[in-house]
There are 2 protein chains.
Amino acid sequence: MTIKVLIADDQAMVRAGFAALLNAQEDIDIVGDAPDGVAAVTETTRLRPDVVLMDVRMPTMDGLEAAKRILSAPEARRPRVLMLTTFDIDDYVYEALRMGASGFLLKDAPPGDLISAVRIVAAGDALLAPSVTRRLIEECFKARPALRRSSRLDALTPREEEVLRLIARGLSNPEIAAALFVSEQTVKTHVGKVFAKLELRDRAQAVVCAYETGLVTAGDPRES
Amino acid sequence: MTIKVLIADDQAMVRAGFAALLNAQEDIDIVGDAPDGVAAVTETTRLRPDVVLMDVRMPTMDGLEAAKRILSAPEARRPRVLMLTTFDIDDYVYEALRMGASGFLLKDAPPGDLISAVRIVAAGDALLAPSVTRRLIEECFKARPALRRSSRLDALTPREEEVLRLIARGLSNPEIAAALFVSEQTVKTHVGKVFAKLELRDRAQAVVCAYETGLVTAGDPRES
DNA sequence: TCGCGTCTCACCCCCTGGGGTGAGACGGGC
DNA sequence: GCCCGTCTCACCCCAGGGGGTGAGACGCGA
């Protein structure tokens, strides 16, 4: 089964070039193109491509807005969107990925990259330009440098770490005591030791510390 | 200038194969190899490669631990580490990236991918297997849906939000008062209103709320 | 065997922080 | 004009949390 691709770019030359390149592949079929964001959205709903190659900068409606509309469609027949850009402007990257774009590619990438990129996103995977990947990783983990975590947090005993984890979920001392089946006084002792070891003043700072070190994470699924 | 590469893998066949493949490139030079994690660390310090190809599963010390030690070296002459794995086990991925690995590649990737991967990480960029990229993106953004933020937090007045932001940095009431040039009593009023509006019990829960809604973010650079 | 670390708990002090009520000043909208 | 929301501040109350000291029980390794 061939991969149906729609190309959205304001430069006719670019559309033609990409179309020629991709149409030369047996498993890829260009089903349509669009010179601006508005057309990209309408053509996508009309032609139902598997993959939309979307330029970021376009007249009437930019690629981000167009991608947003396309990706807000019901999941069932929603196409994958691969963003293309001449420069790697980071703000756009995060915005596009947040909206659910499957990848971000620089236009000066080797032709082979574009072809394999189409296959990858069609398969449901994602793909980023290397420089973009680097920044995404940093963005994703900058909050939790491994050193900061180990350096201070590993001074804690398992029990103390467990207590800190509960503090970081907003539990009071009596609640923690109930959760761990120990007396409130015991909890207070643990809490005090945690504060002393991590040089914290109160539980509010402990919560900050837990998030900043990565002990707990915003949107953490382990909040059972 | 050639890229000096060290290969760490417990299977001699794999080492030989990768070495042959990479040595065939003009700009890449295999300077050494290691059959386990311990050797990987010692050889890295001895040979100072630019890039270390590190298998995840190895005897005596696994690739993650070895990568951790290598990446905890002083920044100046620290090599890039590209993790290799047969299966894409996600736990390992995050752990490795958290520690500062430059990428994660599946061993069954096309040979060309490995070669370009070495060049990419040597250049300071990063590279992930497509399936890994997809999950990293999800991981990176699932925690901060734009919607969750507006839901409850927009009931706060600007001043209250400002106070919450300071609470979320671990400041006490007197400290917040000093920061905002108001009396401590005023701060207490604001704090009380924030708690009432967001149904919070104490500042620890307020900190949790601030992180979970995305008002503040772990590793937030705006911590001046 | 003797330590050492951890986990457990108790009693003390007392200050910060959370809760209630009330109120003056300022600004914008009806 | 008036009202309403916001920001400011004050006084009160007191429970909970943070800080110190001490101590018994257990397991582990030297």
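Every chain is numbered from 1 and lettered A, B, ... according to where its sequence line falls, protein lines coming before strand lines. Just so you know, these numbers use all the heavy atoms, side chains as well, and skip hydrogens, waters and symmetry mates.
An angle of 40°, rounded to 10°, separates the two end axes of the helix from dT1(C)-dA30(D) to dC30(C)-dG1(D), each defined over five pairs.
Residue T189(A) is in base contact, counting any heavy-atom pair closer than 4.0 Å across all strands shown. Using a 4.0 Å heavy-atom cutoff across all strands shown, S183(B) reaches sugar-phosphate atoms only and no base atom.
Other residues, nucleotides and ligands contribute at most 12 non-hydrogen atoms within 6.0 Å of the NZ atom of K193(B).
In terms of the salt bridge (charged side-chain N to carboxylate O under 4.0 Å, His left out) criterion, residue partners of D33(B) (sequence neighbours excluded) are, by chain and number, R15(B). Residues passing the side chain to side chain donor-acceptor pair (under 3.5 Å) test with R201(B) are S172(A), E175(A), sequence neighbours excluded. Evaluation of the salt bridge (charged side-chain N to carboxylate O under 4.0 Å, His left out) rule for E184(B) yields no partner, not counting sequence neighbours. Considering only residues two or more places apart in sequence or on other chains, E162(B) meets the side chain to side chain donor-acceptor pair (under 3.5 Å) condition with R159(B).
Comparing V182(A) and N173(B) along DNA chain C, the residue whose closest nucleotide (by nearest heavy atom) sits nearer the 5' end is V182(A).
Note: NZ (K193(B)) to P (dG18(C)) measures 17 Å, nearest angstrom.
For the atom pair CG (L106(B)) and CG (L114(B)), the distance works out to 11.5 Å, reported to the nearest 0.5 Å.
Scanning DNA chain D 5' to 3' for nucleotides with an atom closer than 4.0 angstrom to a non-hydrogen atom of chain B gives a first and last hit of dT6(D) to dC11(D).
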